[in-house]
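All heavy atoms count here, side chains included; hydrogens, waters and symmetry mates do not. Remember, it's 1-based here, ligands and their atoms both numbered in the order they're listed.
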Amino acid sequence: MLEDKNKQKTSLAELGEFGLISHLTEHFEIHHESTVKGVGDDCAVVSNEDELVVTTDLLVEGVHFDLSYVPLKHLGYKSVMVNLSDVYAMNAEAKQITVSIAVSNRFPLEALEELYSGIQLACKTYKVDLIGGDTTSSTKGMLISITALGTAKKEDIVYRNGAKSNDLVVVTGDLGGAYLGLQVMEREKEVFKVNPQNQPDLESYSYIVERQLKPEARKDIPKLLKELEVKPTAMIDISDGLSSEIMHICTQSKVGCNLFEDKFPLDPQVISTCEEFNLDSTMVALSGGEDYELLFTVSINDFDKIKGNPNLTVIGHITEENQGMNLITRANQSIKLKAQGWNSFNEES
Ligand code: ADP
Ligand code: MG
């Protein structure tokens with residue numbers, strides 16, 4: 001949070017656009033044969049035999065991220081994760097990305113180096129190639145747009161619209177951590193405003209803060225599904241919260257669902273932080289976004305293949321469309337799901 005006043009600052013104008021691009025991208029490695037030409041020409045060239053999946057996200061300072069508590073390296077890393085997560089949600093393998101940025105003159109070269117070090121770490125860890133982008137100025141703030149390319153065999157691609165009645169609803173990892181990590185950081189930011197000497201103590205929140213700042217896309221899940229010989233009937237990644245994502249699957253598949261409150265996977269730190277903030281952990285799991293876990297449906301015949309896997313939790317089942325989309329509470333009550341959970345955060349405020 002503290003800005004280091006001694007840090008070197010090189011203005012972007014000193015380098016010029018071309019100097020800047022080659023400076024930022026020169027240390028990126030290429031991992032895939034399919035990357036025929038990366039940064040440096042009018043277009044990148046990619047060769048493919050399989051189906052190509054393509055996804056884009058645009059992140060705007062002040063809307064999607066707040067640089068007063070998000071380090072630029074983390075922002076770079078997370079911007080890549082957001083896109084890779086969408087590729088994995090198609091049951092595809094991510095191969096290439098393009099990165100476009102707009103920055104105001106308030107950002108020195110060193111800030112972009114930080115951002116790109118996070119992008120580079122993500123590319124290295126997830127074996128994706130940076131193959132191009134665009135760089136321009138903005139009058140205010142920073143914008144980052146990343147496009148990811150991935151491939152999959154035609155028969156392996158999983159859409160949102162294939163869920164069938166009686167299918168099981170499965171989620172990877174655990175839920176709600178990223179949202180609570182944000183709550184903790186926002187609280188610390190307020191404390192910092194009042195007393196800048198006060199260094200935040202985030203140790204007891206390490207897991208949830210990491211879930212917010214450094215999410216990991218589930219590259220392992222398409223691989224795991226292949227090993228288990230399970231093809232989901234529908235899949236989506238959890239960026240906006242479980243509730244709105246299952247509603248996308250149900251609406252597009254023309255089915256209903258029952259989700260069971262007592263099955264939701266929650267980390268102990270999520271439970272304790274919910275208690276501290278006086279939040280309902282079920283609501284946080286349903287509505288807290290940015291977990292970047294995968295949500296999918298599988299035929300009940302595949303239950304034996306997935307049961308007991310520590311990465312996967314069955315949280316409900318698909319029903320006929322006319323049954324609606326419901327949360328079954330611990331008290332065995334059925335409550336209609338809303339896009340923002342079953343009891344919108346907005347309703348309270
Ligand atoms: P053009 O004018 O043809 O769009 P640019 O000068 O914008 O070309 O870009 C030159 C090369 O650098 C291209 O290969 C482009 O994809 C790449 N590039 C530009 N900006 C970025 C960036 N921010 N990150 C990665 N590659 C970039
Ligand atoms: Mg350009």
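- Considering only non-hydrogen atoms, atom 11 (C) of ligand 1 lies nearest to G40 out of A102, S145, G133, G40.
- Residue T135 touches ligand 1 through backbone and side chain together, judged by heavy-atom distances below 4.0 Å.
- Within the listing of ligand 1, atoms 6 (O), 7 (O) sit less than 4.0 angstrom from a heavy atom of E17.
- Listed by number with element, the atoms of ligand 1 under 4.0 Å from a non-hydrogen atom of T25 are 25 (C).
- Side-chain contact between L242 and I315 is present, with heavy atoms from C-beta onward closer than 4.5 Å.
- Among E216, E290, E293, the single residue meeting the side chain to side chain donor-acceptor pair (under 3.5 Å) criterion with R211 is E293.
- Comment: K153 does not engage E49 in a salt bridge, judged by the lack of any side-chain N to carboxylate O separation of less than 4.0 angstrom.
- Checked for salt-bridge contact, D262 and R330 miss the test: no charged N lies under 4.0 Å from a carboxylate O.
- At a heavy-atom cutoff of 4.0 Å, ligand 1 is contacted by both the backbone and the side chain of V39.
- Atoms of ligand 1 lying under 4.0 Å from at least one heavy atom of I21, given by number and element, are 12 (O), 18 (N), 19 (C), 20 (N), 27 (C).
- Within the 4.0 Å heavy-atom criterion, the part of D41 lying near ligand 1 is the backbone and not the side chain.
- The closest side-chain heavy-atom distance from Y159 to T233 is not below 4.5 Å.
- A salt bridge is absent between K127 and E93: the closest approach of a Lys/Arg side-chain nitrogen to an acidic carboxylate oxygen does not fall below 4.0 angstrom.
- Here Y116 has side-chain heavy atoms under 4.0 Å from ligand 1, and that is the only part of it that gets that close.
- When atom types are taken as modelled, the side chain of T125 and the backbone of A122 share no donor-acceptor pair closer than 3.5 angstrom.
- Interface atoms of ligand 1 facing G132, defined by a heavy-atom separation under 4.0 Å, are 16 (O), 25 (C), 26 (N), 27 (C).
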